Amino acid sequence: MLIKRPADIPSSEITDKRLYLNRREFVRAAAGTVAAAATAVLGTEAVLQASQAAAHKRKLSGVKSSPLSASEKPNTWEQITTYNNYYEFGTDKDSPSELATNLKTEPWTVTVDGECNKKAAYHLEDVLKGETLEDRIYRHRCVEAWSMVIPWVGFPLANFIKRCEPTSKAKFVEFTTLYDPMQMPGTHLPPAFGGLRWPYVEGLRMDEAMHPLTILAVGLYGEILPNQDGAPIRLHVPWKYGFKSIKSIVKIRFVEKQPLNTWQDQQAREYGFYANVNPNVDHPRWSQATERRIGEFFKRKTLMFNGYGDQVASLYAGMDLKANY
Ligand code: MTE
């Protein structure tokens, strides 16, 4: 993001060629050095039981369709799983699909901490306990002005939050991604070459986190989430720019003060805490008025709150959305 321009321009064209090639070589070389550690790992099947053969042999069972789904045609599996932002596996869109394949997602623990009564290290099975998985077709708008429609499988984050019993002091929720340089070659990339400060952190205000549209996703297209899309569990907040939707979550912390999210920490002038999709507030380096849906030629107009205004605009009543970008 920091070093990227709108997605229709390949990074090979916008970055000095030498730097671009060095960056790719650097991340691939780092991937080589961690390969030995990674060969011992397997996928998520034992946690999220794959019930039957499906297109990719990872079908989730008991998935119900949700009335909250967008009525738009989803992007293809190919597009959703090969055009990704997951900087822990490199800054190029195709790097995560190549370099995240061996990420060890089982066993997986999500630590709950901070202002709540049920602090604990939860196995993924416990996070999913009692949840009905739902198909949620959501619009996904990246701050880089591209978008997709993704058929997630997930459940409301609110359900899990309630089980954690936050105290009255919990005003925000902070999420953290796994940071494991042995498995994540992109974390070796210095900030000057497009790397970030790790671990990746995101945050939501409590009412945003409790909103029925906010989900923890564990699958897409009815199958277990591929690693490059944030396996085994990631956030999706459909009215916000994609960077709020943190992947491979290992920690959820209830806090009193607004957390500092990774991109705000990196470049506060360009990336805010709220990150609500807003065609009227441009990114300092490009317009947010339009977007290119991956797979389409013509740009389309970006909708306020990514088209979810009826459901979420009231959360921001009275707020200056230019100041709170
Ligand atoms: N989470 C982590 N841990 N690392 C990342 O680099 N990128 C964010 C978000 N979550 C990112 C992350 C950005 S910028 C976007 S646009 C979305 O993931 C992309 O999600 P997708 O690859 O499933 O489309």
Side-chain angles (χ1 to χ4, degrees), residues 1-7 11 27 74-100 103 105 108 110 136 138-154 174-181 183-187 189 191 194-204 215-221 223 225-252 261-267 270-272 275 277 283 288 291-295 306:
M1 301 213 314
L2 187 59
I3 54 161
K4 301 255 171 186
R5 306 297 184 274
S11 51
V27 174
N75 280 85
T76 64
W77 172 274
E78 178 73 14
Q79 289 163 338
I80 297 167
T81 61
T82 59
Y83 194 87
N84 299 100
N85 275 338
Y86 196 168
Y87 276 40
E88 287 85 335
F89 296 98
T91 53
D92 298 310
K93 296 285 181 272
D94 58 352
S95 296
S97 58
E98 290 174 27
L99 301 178
L103 174 69
T105 56
W108 194 267
V110 178
R136 294 271 187 119
Y138 277 167
R139 278 171 236 115
H140 175 54
R141 166 62 156 85
C142 184
V143 75
E144 295 162 345
W146 54 267
S147 66
M148 288 199 208
V149 176
I150 302 189
W152 299 112
V153 177
E174 182 194 78
F175 306 84
T176 306
T177 291
L178 175 74
Y179 170 48
D180 182 355
Q183 296 195 75
M184 297 172 145
T187 60
L189 198 63
L196 300 174
R197 280 183 286 274
W198 314 101
Y200 195 100
V201 172
E202 256 308 335
L204 293 174
I215 56 166
L216 287 170
V218 294
L220 63 87
Y221 266 117
E223 300 195 27
L225 212 54
N227 292 348
Q228 61 269 34
D229 288 276
I233 188 160
R234 58 95 50 93
L235 186 70
H236 194 73
V237 193
W239 71 94
K240 291 182 181 281
Y241 291 119
F243 69 87
K244 297 299 285 184
S245 292
I246 182 170
K247 298 178 168 182
S248 308
I249 297 166
V250 291
K251 196 184 312 166
I252 296 181
N261 55 311
T262 289
W263 283 102
Q264 202 184 4
D265 175 40
Q266 198 76 15
Q267 188 58 274
E270 302 195 355
Y271 310 104
V277 174
H283 183 280
Q288 294 292 17
E291 66 201 56
R292 191 187 301 286
R293 181 75 47 88
I294 299 300
N306 205 18

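These figures come from a predicted structure and were not determined experimentally. Just follow the structure's listing: the first ligand is 1, and inside any ligand the first atom is 1.
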(request) List every atom of ligand 1 that sits less than 4.0 Å from any heavy atom of C142, numbering the atoms from 1 in the order shown and giving each element. (result) 16 (S)

(request) May I ask you to say whether E202 pairs ionically with K240, meaning some side-chain N is under 4.0 Å from a carboxylate O? (result) no

(message) With heavy-atom distances below 4.0 Å as the criterion, list the atoms of ligand 1 near D229.
(response) 23 (O)

(request) Please determine, by modelled atom types, if K93 and N84 share a side-chain donor-acceptor pair under 3.5 angstrom. (result) no

(message) Is the ring pair W77/Y221 parallel, tilted or perpendicular, if the boundaries are 30 and 60 degrees?
(response) tilted

(request) Pick one of side chain, backbone, both or neither for how R234 approaches ligand 1, counting any non-hydrogen atom pair under 4.0 Å. (result) side chain

(message) Please determine whether a side-chain nitrogen of the Lys or Arg among D265 and R197 lies less than 4.0 Å from a carboxylate oxygen of the Asp or Glu.
(response) yes

(request) Start with the C-alpha gap between N75 and R293, add the side-chain angles, then the distance that decides, and say whether side chain to side chain contact (heavy atoms under 4.5 Å, CB included) holds. (result) CA-CA 9 Å; N75 280 85; R293 181 75 47 88; 3.9 Å; yes

(request) Give the atoms of ligand 1, by number and element, whose distance to some non-hydrogen atom of T177 is under 4.0 Å. (result) 3 (N)

(request) Using heavy-atom distances, let me know which of K247, Q228, Q79, E88 sits nearest atom 22 (O) of ligand 1. (result) K247

(message) I need the contact type for Y200 against ligand 1. Using non-hydrogen atoms and a strict under-4.0 Å cut-off, is it side chain, backbone, both or neither?
(response) side chain

(message) Quick check: Y83 and ligand 1, any N/O pair under 3.5 Å apart?
(response) no

(request) Identify which one of W263, Y200, F243 satisfies the ring-ring contact (aromatic ring centres under 6.0 Å, His included) criterion when paired with Y87. (result) W263

(message) For the 3.5 Å polar cut-off, considering only N or O atoms, please tell me whether H140 and ligand 1 meet it.
(response) yes

(request) For the residue pair Y179 and W198, categorise the inter-ring angle as parallel (less than 30°), tilted (30 to 60°) or perpendicular (more than 60°). (result) parallel

(message) Looking only at side-chain N and O atoms, does E88 offer a donor or acceptor that is under 3.5 Å from a partner on T187?
(response) no

(message) Tell me the nearest of L196, N85, T82 to atom 19 (C) of ligand 1, using heavy-atom distances.
(response) N85

(message) N84 versus ligand 1: do any nitrogen or oxygen atoms come within less than 3.5 Å of each other?
(response) yes

(message) Measuring from non-hydrogen atoms of S248 to any atom of ligand 1, is the shortest distance under 4.0 Å?
(response) no

(request) Report the part of E144 in contact with ligand 1, treating N, CA, C, O as backbone and CB onward as side chain, heavy atoms under 4.0 Å; options are side chain, backbone, both, neither. (result) neither

